[in-house]
Protein chains: 2
Amino acid sequence: MAEVPRPSSRPLKRNEIRAQNEALILRAAEKVFAEAGFGGATMQLIADLAGLPKANLHYYFATKEELYRRVVQDIFEIWLQAAEAMDGADTPAEGLGAYIEAKMDISRRHPDGSKVWASEVMHGAPVIQDYLETTLRDWTRGRAALIQRWIDEGQMAPVDPEHLLYMLWATTQHYADFGHQIETLNAGQPLSDAQWREATETVKQIILRGIGALRD
Amino acid sequence: MAEVPRPSSRPLKRNEIRAQNEALILRAAEKVFAEAGFGGATMQLIADLAGLPKANLHYYFATKEELYRRVVQDIFEIWLQAAEAMDGADTPAEGLGAYIEAKMDISRRHPDGSKVWASEVMHGAPVIQDYLETTLRDWTRGRAALIQRWIDEGQMAPVDPEHLLYMLWATTQHYADFGHQIETLNAGQPLSDAQWREATETVKQIILRGIGALRD
DNA sequence: ATTTTTATTGACCAGTTGGTCAGGAGGTAT
DNA sequence: ATACCTCCTGACCAACTGGTCAATAAAAAT
């Protein structure tokens with residue numbers, strides 16, 4: 001594995017050193033955890049990818065699990081932020097369309113984070129169970145209520161809001177989590193800009209039409 | 001972990017012993033691989049769950065990887081078989097509807113296998129890459145052609161067939177792979193019969209309507 | 001009955017892993 | 001300058017892992 005280069009090499013202040021090394025380690029950890037899973041990842045691999053001695057990792061992150069937890073939290077934060085695209089929209093087509101676009105964009109830009117999250121949930125969420133039960137549950141309830149409002153207003157068909165949300169998550173995250181499979185079926189090539197656009201449009205079209213949010 | 005009991009305890013012929021122990025080990029392995037990932041799974045854990053000494057596992061499966069490969073192949077076979085539900089259908093509503101139902105059923109009955117597959121693909125398909133490039137690629141091409149035929153016949157809207165397939169996989173498998181998350185959001189309870197039916201119907205409705213395969 | 005093949009298992013091993021630690025280097029404040 | 005705090009790292013270790021093996025039991029074939 002090639003090392004991740006440091007952004008620059010001018011003299012560093014202490015604040016910067018900490019911030020920079022943590023970021024460096026987190027980036028390497030995200031990749032290694034995504035590729036090998038928690039159990040398959042080793043601190044040595046992460047250290048090599050970050051270009052630091054293993055002992056240095058333990059200086060910034062006491063345990064492998066602490067490092068892992070940070071990686072999982074980071075992707076969760078990114079998703080929460082993307083969810084804001086859904087608020088402030090008047091119509092389902094607008095709100096859900098923007099949410100789909102935001103999540104597809106994240107799948108493209110943070111495939112490793114998505115995989116780590118998927119892996120964590122698949123294994124029973126041993127380290128982020130509390131997030132599921134608090135933040136995620138609240139978030140889901142709120143958005144389900146928003147969707148229900150749209151249904152009550154006659155702006156979309158009466159579908160179960162939670163299952164609709166699951167469908168959005170499943171479909172968008174699939175492009176990150178199963179990216180390798182998609183790439184293999186795409187003649188071994190990563191999706192091009194145009195293909196990502198087509199994927200996003202297809203997903204939007206099928207779902208928005210499927211819930212009767214498109215006038216046609 | 002509690003042991004998986006042997007089906008019966010009458011005197012066994014050699015054929016039966018082999019078949020029974022392999023099945024016993026495979027079932028335990030599927031569960032452990034699903035819960036811990038390949039790297040996190042240990043032969044000792046699998047042995048304990050199967051109720052056999054670890055050395056006995058190595059008698060039937062030479063290496064951990066060989067055992068793992070068998071687990072992955074098994075779920076793949078199950079999915080291929082389910083795909084036949086799609087053939088012989090005259091309309092997209094019929095064919096895709098049956099396929100969705102079959103895949104939802106598998107997600108419910110074989111959640112562990114689905115997770116192992118997902119994990120394998122997420123980590124770059126190190127042991128089943130050839131399957132992706134041969135069987136899966138051929139299968140996908142064939143079904144995409146079938147969908148394209150439906151489009152050409154005017155039986156459904158012109159959506160990209162491959163992205164539609166990805167959407168079917170993503171949505172149905174999500175109920176297995178992210179089952180823990182769904183359960184957590186469902187007040188910690190597994191989905192009931194009625195909830196599984198509602199999930200299946202919601203998925204079918206949104207997708208079939210989304211591709212214009214439902215007359216309404 | 002005896003030989004041969006298959007199945008079983010406790011004990012063992014070499015390699016790897018997460019994590020520790022003492023000692024030193026390098027900024028920062030006084 | 002010097003005392004102090006943060007940062008760095010090679011060497012080390014106890015625990016665990018996949019896998020081996022020789023000895024034994026059980027069944028099948030002769």
Side-chain angles (χ1 to χ4, degrees), chain A residues 1 3-26 28-29 32-33 35-72 123 126-127, chain B residues 1 3-26 28-29 32-33 35-72 123 126-127:
Chain A
M1 278 192 205
E3 288 183 14
V4 177
R6 287 194 189 222
S8 84
S9 50
R10 64 176 167 75
L12 294 171
K13 291 175 186 154
R14 276 219 296 243
N15 282 347
E16 296 175 330
I17 289 181
R18 178 151 222 119
Q20 199 172 106
N21 277 342
E22 281 190 4
L24 195 65
I25 294 169
L26 283 170
V32 173
F33 282 133
E35 286 177 359
F38 179 81
T42 69
M43 294 299 272
Q44 189 62 62
L45 263 172
I46 297 170
D48 291 348
L49 186 62
L52 298 173
K54 193 186 68 166
N56 208 349
L57 262 66
H58 281 101
Y59 174 72
Y60 287 104
F61 300 91
T63 65
K64 183 183 175 184
E65 190 178 314
E66 185 184 320
L67 175 54
Y68 172 77
R69 180 181 279 115
R70 277 285 301 272
V71 172
V72 175
H123 299 155
V127 316
Chain B
M1 278 194 204
E3 288 183 15
V4 176
R6 286 195 190 221
S8 83
S9 51
R10 65 176 165 75
L12 294 172
K13 292 175 185 155
R14 278 219 297 240
N15 282 347
E16 295 175 330
I17 289 182
R18 176 149 223 122
Q20 200 172 105
N21 277 343
E22 280 191 5
L24 195 65
I25 294 168
L26 283 170
V32 173
F33 282 134
E35 285 177 359
F38 179 81
T42 69
M43 294 299 272
Q44 189 62 62
L45 264 171
I46 297 170
D48 290 348
L49 186 62
L52 299 172
K54 193 186 67 164
N56 209 348
L57 263 66
H58 281 101
Y59 175 72
Y60 287 103
F61 300 91
T63 66
K64 184 184 175 184
E65 191 178 314
E66 185 184 320
L67 175 54
Y68 172 77
R69 179 180 282 114
R70 276 286 301 273
V71 171
V72 176
H123 299 155
V127 316

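Both backbone and side-chain heavy atoms feed into the values below; hydrogens, waters and symmetry mates do not. Protein chains get the first letters and strands the later ones, always in sequence-line order, with residue 1 at the start of each. In this text, all values refer to a predicted model and were calculated from it rather than measured experimentally.
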For the [atom1] atom of [X] and the [atom2] atom of [Y], what is their distance to the nearest 0.5 Å?
| X | Y | atom1 | atom2 | answer |
| --- | --- | --- | --- | --- |
| A:F61 | A:E22 | CZ | CD | 4.5 Å |
| A:M43 | A:L52 | CE | CG | 11.0 Å |
| B:I17 | B:L24 | CD1 | CG | 12.5 Å |

**Asked** Where along nucleotides 17-22 of chain D does protein come under 4.0 Å, by heavy atom, of base (B) or sugar-phosphate alone (S), with - for untouched nucleotides?
**Response** SBBBB-
**Prompt:** Does the side chain to side chain contact (heavy atoms under 4.5 Å, CB included) test come out yes or no for A:L67 and A:L26, once each step is laid out?
**Reply:** CA-CA 7 Å; A:L67 175 54; A:L26 283 170; 3.8 Å; yes
**Minimum-distance nucleotide to A:P53 side chain [options: D:dC7, C:dG10, D:dT9]** = D:dT9
**Qualifying salt bridge (charged side-chain N to carboxylate O under 4.0 Å, His left out) pairs, either residue in residues 52-66 of chain A, two or more places apart** = A:E65-A:R69
**With A:Y68 via ring-ring contact (aromatic ring centres under 6.0 Å, His included) - residues at least two apart** = A:F33, A:F38
Starting at atom [atom1] of [X], determine the distance to atom [atom2] of [N], rounded to an integer number of angstrom.
| X | N | atom1 | atom2 | result |
| --- | --- | --- | --- | --- |
| B:L24 | C:dA7 | CG | C1' | 15 Å |
| A:L57 | D:dC7 | CG | P | 14 Å |
| B:E16 | C:dT6 | CD | P | 17 Å |
| A:N56 | C:dG26 | CG | P | 14 Å |
| A:D48 | C:dT17 | CG | P | 11 Å |
| B:L52 | C:dA7 | CG | P | 13 Å |
| A:R18 | C:dG27 | CZ | P | 16 Å |

**Message:** Please determine whether a side-chain nitrogen or oxygen atom of B:Y59 lies at a distance below 4.0 Å from atom OP1 or OP2 of C:dA7.
**Reply:** yes
**Request:** Look at the side-chain N and O atoms of B:N21 and state whether any lies under 4.0 Å from the OP1 or OP2 oxygen of C:dT8.
**Result:** yes
